[in-house]
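Each chain gets a letter, A, B and so on, in the order the sequences are listed, and its residues count up from 1. Below, each value reflects all heavy atoms present in this structure, side chains not excepted, and no hydrogens, waters or symmetry copies.
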Amino acid sequence: MFREESTVLANEELAPGFWKMRLVAPGIAAATKPGQFINIKVTRCKDPLFRRPFTVFRCSDFGGGNTGIELVYEIVGRGTRVMSAMRKGEGLDLIGPLGRGFELRHDKRVHILVGSGVGLPALFMLGEELSLAAGRRELELVIMIDAKTKKRLILEEEFRSLNGKTMISIHDGGYDYHGYVTEMLRTYIDEEGIAADCAIYACGPELMFKAMVPICSQYNVPAQISMERNMGCGVGACLSCVCRVNKEAVMKYRDIRSSHVQFEDEGNSGYALVCRDGPVFNIDEVIFDE
Amino acid sequence: MSSIVDDTSVNLSVNLGKIQLKNPVMPASGTFGYGEEFADFINLNDLGAVIVKGTTLRPRLGSFQHRLVEIPGGSLCSIGIQNVGVDRFIADKLPYLRQFRVPVIVNIAGESVEEFARVTEILSKAEGVSGIEINISCPNVKKGGMHFGVDPDATFAVVRAVRNATDLTVMPKLTPNVTDITAFARACEEAGADAISLINGFVGMSIDVNSKRSRLGKNLTGGVTGPCIKPLALRLVWQVAQVVNVPVVGIGGITSAEDALEFILAGACAVEVGTYNLVDPWVMIEIIDGIRSYLMEKKISGLNAIRGTFEA
């Protein structure tokens with residue numbers, strides 16, 4: 001992680017409430033791995049106070065000698081509202097890349113991305129990596145996109161450009177699938193008979209992850225999920241962004257000495273830091289109802 | 001981060017009990033982890049001292065999740081002193097800090113006077129600890145924590161017990177959640193404190209009007225910190241500096257050299273930077289450089305010449 005002073009190259013609205021920002025940041029672009037995030041200081045005026053964390057959507061060569069990152073964000077509060085008002089040429093102070101991103105499951109054949117709303121951008125860099133491998137016929141990529149309404153559907157074109165099968169579910173219908181992405185996921189795994197040979201990577205609201213839990217356990221499919229929490233520092237100092245985790249599962253996946261997880265004295269749970277141990281967790285590590 | 005810390009034309013050093021600080025800027029406990037988290041951004045040797053995360057006898061898991069909410073100009077948070085406990089601090093965290101020449105002050109918390117004393121005894125035997133900051137002011141711990149900081153007799157008892165348990169520099173950290181903070185400062189001085197730091201967070205809350213629940217989830221309330229509390233903190237530091245003879249360390253919403261200088265003019269010997277470390281991990285270096293520039297510009301040789309020179 002390091003600090004990089006970046007410049008806004010473009011900032012445009014993709015769909016009502018959803019924006020895409022291009023930032024010239026060659027250092028962070030070169031260092032970021034799929035699922036990692038950056039922490040942006042949205043103002044020098046100390047209000048909004050904290051940096052805002054964003055998973056990197058894509059690292060790109062913008063031409064003209066400019067390389068950097070693209071972020072796709074939704075206006076949800078004061079910080080993102082300030083960001084949406086930024087214009088080309090303005091400076092932004094970044095810290096990154098931060099956190100632990102996705103780990104590719106090389107042992108599986110079918111790789112399913114499951115993204116909902118503003119969680120979708122967090123999956124794109126991984127999608128690009130998987131797409132390259134799919135192009136070499138090393139694996140199959142399936143992309144499942146979820147949106148509440150057709151108006152809130154974003155990044156369809158970008159995901160469709162990857163070497164994969166794209167399926168879209170809209171809660172109120174009008175597209176491939178009428179309903180929730182998790183129902184589409186269950187049907188797909190079942191009908192394709194791929195349970196033994198697939199891996200899921202997901203980003204979306206916690207309710208979506210909760211709905212995935214019984215599917216993953218029924219079919220015994222591994223899933224990595226990118227969690228969201230309010231963050232203070234993003235570097236593991238303030239201990240604000242904790243997430244309740246299952247001890248047994250954490251011990252299965254992690255070297256506990258190099259993690260920031262702290263367990264309770266008795267019992268089978270503890271707290272992990274979303275900023276350092278995450279944002280990507282294995283779905284069975286997370287305890288959703290504290 | 002480049003710094004002009006080696007410039008020796010002005011003297012930024014101050015004494016805090018037995019500890020000599022090369023400059024008056026330290027991180028506030030809980031906003032700097034164990035130092036290692038900031039190593040990519042600053043050289044710890046450039047700081048006046050390092051104050052580490054609140055440490056208890058046994059490990060603590062702390063508050064429930066959903067611990068932080070941003071408020072206008074500040075933060076409302078409840079961490080609940082999550083920490084690895086004193087034994088793991090000494091075994092796993094302290095060796096890293098011993099690589100540096102910077103004094104290490106350990107913030108301690110406890111649920112009983114005996115626990116405070118016991119943690120102090122253990123830390124006193126550890127190599128590389130220079131001072132103890134006594135947290136009698138945590139707004140987010142039910143048992144202990146602020147309980148000891150809102151009753152002058154309890155404050156006296158804890159500080160005296162820690163004092164008796166160590167020769168290290170002892171510095172109680174006061175809560176602002178009292179009617180007359182000077183009574184608590186006096187109790188600390190009478191009990192043998194070498195210095196007094198203030199303030200910890202103000203107890204506050206925030207309600208989500210849609211869910212009708214606390215934005216801090218099951219934690220309900222939290223500590224208000226950050227730039228929005230600076231005027232409140234400054235006034236309390238000024239009050240305390242007038243009634244005690246021991247050095248006073250100012251804490252509360254400091255984000256710049258100008259903020260730090262306000263506290264020094266109000267009578268603080270040194271300052272702790274808290275919430276803003278989480279925003280700019282290098283801010284303390286900028287503050288040290290800014291204080292030096294101020295002194296150089298005004299042709300002042302050292303901090304002693306300006307401390308408490310606020311003209312009331």
Side-chain angles (χ1 to χ4, degrees), chain A residues 1-3 39-52 77-79 93 95-98 206 227-245 247 256-258 260-267 269-276 286-290, chain B residues 1 27 30-41 52-54 58-85 88 92 215-218 222 225-228 230 253 255-256 259 274-282:
Chain A
M1 57 184 165
F2 48 90
R3 176 193 198 178
N39 228 347
I40 299 190
K41 192 164 157 182
V42 298
T43 174
R44 291 175 202 274
C45 300
K46 292 165 191 176
D47 185 52
L49 180 67
F50 289 116
R51 285 170 185 267
R52 298 297 198 264
R78 298 189 309 145
D93 183 329
I95 291 176
L98 300 166
E206 223 159 290
M227 295 289 292
E228 189 179 45
R229 281 285 181 279
N230 281 358
M231 281 185 191
C233 62
V235 300
C238 71
L239 313 185
S240 295
C241 62
V242 291
C243 160
R244 182 66 86 162
V245 288
K247 187 174 181 178
I256 213 67
R257 290 195 66 85
S258 62
H260 293 71
V261 184
Q262 190 178 332
F263 296 114
E264 56 193 355
D265 286 347
E266 290 158 18
S269 78
Y271 282 130
L273 296 183
V274 171
C275 71
R276 294 297 294 265
V286 177
I287 297 172
F288 291 102
D289 291 303
E290 184 174 77
Chain B
M1 192 84 218
T31 66
F32 201 64
Y34 298 99
E36 201 168 354
E37 295 85 345
F38 288 72
D40 283 357
F41 302 104
V52 299
K53 176 74 194 166
R58 307 266 308 129
R60 279 182 62 93
L61 212 50
S63 301
F64 297 109
Q65 57 189 10
H66 305 299
R67 291 176 170 182
L68 174 85
V69 179
E70 187 182 86
I71 55 171
S75 152
L76 174 68
C77 76
S78 174
I79 310 299
I81 320 186
Q82 179 181 339
N83 79 99
V84 296
R88 267 191 62 198
D92 298 348
R215 285 206 173 85
L216 288 174
K218 284 198 255 179
T225 69
C228 64
K230 200 196 80 183
T255 68
S256 66
D259 292 342
T275 305
Y276 213 69
N277 280 323
L278 310 179
V279 181
D280 282 352
W282 49 81

J.: Just wondering, do Arg244(A) and Leu61(B) contact through their side chains at under 4.5 Å, heavy atoms?
T.: yes

J.: With heavy-atom distances below 4.5 Å as the criterion, would you say the side chains of Ser256(B) and Lys46(A) are in contact?
T.: yes

J.: Side chains of Leu49(A) and Pro227(B): does their closest heavy-atom pair fall under 4.5 Å?
T.: yes

J.: Looking at Gly35(B), Gly62(B), Ser63(B), which has the largest count of heavy-atom pairs under 4.5 Å with chain A?
T.: Ser63(B)

J.: Do Thr31(B) and Cys238(A) have side chains that get closer than 4.5 Å, going by heavy atoms?
T.: no

J.: When rounded to the nearest 0.5 angstrom, what distance separates SG in Cys275(A) from CD in Glu37(B)?
T.: 9.5 Å

J.: Quick one: do Phe41(B) and Val235(A) satisfy side-chain contact (heavy atoms from CB on, under 4.5 Å)? Show the steps, please.
T.: CA-CA 11 Å; Phe41(B) 302 104; Val235(A) 300; 4.2 Å; yes

J.: What are the two closest non-hydrogen atoms of Phe38(B) and Ala237(A), and how far apart are they?
T.: CE1-CB, 3.4 Å

J.: For chain A, which candidate among Cys77(B), Pro72(B), Cys228(B), Gly30(B) shows the most heavy-atom pairs at distances under 4.5 Å?
T.: Pro72(B)

J.: After noting the C-alpha distance and the side-chain angles of Asp280(B) and Arg51(A), does the key distance pass the salt bridge (charged side-chain N to carboxylate O under 4.0 Å, His left out) rule?
T.: CA-CA 9 Å; Asp280(B) 282 352; Arg51(A) 285 170 185 267; 2.8 Å; yes

J.: Could you tell me which portion of Asp92(B) (side chain, backbone, both or neither) has an atom closer than 4.5 angstrom to a non-hydrogen atom of chain A?
T.: side chain

J.: Answer yes or no: does atom CD of Gln65(B) have more than 12 heavy-atom neighbours from other residues, nucleotides or ligands under 6.0 Å?
T.: yes

J.: Side chain, backbone, both or neither: which part of Asn39(A) has a heavy atom under 4.5 Å from chain B?
T.: neither

J.: Check for a donor-acceptor pair, side chain of Arg67(B) on one end and backbone N or O of Leu239(A) on the other, with a separation under 3.5 Å.
T.: yes

J.: With sequence neighbours excluded, what pairs up with Tyr34(B) under the ring pair (Phe, Tyr, Trp, His ring centres under 6.0 Å) test?
T.: Phe89(B)

J.: Identify the heavy atoms of Ile71(B) and Asp47(A) that sit nearest to each other, and give their distance.
T.: O-OD1, 4.2 Å

J.: Checking Tyr271(A) against chain B: side chain, backbone, both or neither under 4.5 Å from a heavy atom?
T.: both

J.: Whether the side chain of Asn230(A) engages the backbone of Leu68(B) through a donor-acceptor N/O pair (distance < 3.5 Å, no angle test) should be reported.
T.: yes

J.: At their closest point, which heavy atom of Ile79(B) faces which heavy atom of Ser240(A), and how far apart are they?
T.: CD1-OG, 3.6 Å

J.: Ignoring hydrogens, what is the shortest heavy-atom contact between Arg78(A) and Glu70(B)? Give both atom names and the distance.
T.: NH2-OE1, 3.0 Å

J.: Which atoms of Ser78(B) come close to chain A, meaning under 4.5 Å heavy atom to heavy atom: side chain ones, backbone ones, both, or neither?
T.: neither

J.: Which residue out of Gly226(B), Gly74(B), Pro281(B) racks up the most heavy-atom pairs below 4.5 Å with chain A?
T.: Gly74(B)

J.: Of all the heavy-atom pairs spanning Gln262(A) and Asn83(B), show the shortest one and how long it is.
T.: NE2-O, 2.8 Å

J.: For Arg60(B) and Glu264(A), what are the C-alpha separation, side-chain angles and deciding distance, and is it a salt bridge (charged side-chain N to carboxylate O under 4.0 Å, His left out)?
T.: CA-CA 8 Å; Arg60(B) 279 182 62 93; Glu264(A) 56 193 355; over 6 Å; no

J.: Walk me through it: do Phe50(A) and Leu278(B) pass the test side-chain contact (heavy atoms from CB on, under 4.5 Å)?
T.: CA-CA 7 Å; Phe50(A) 289 116; Leu278(B) 310 179; 4.0 Å; yes

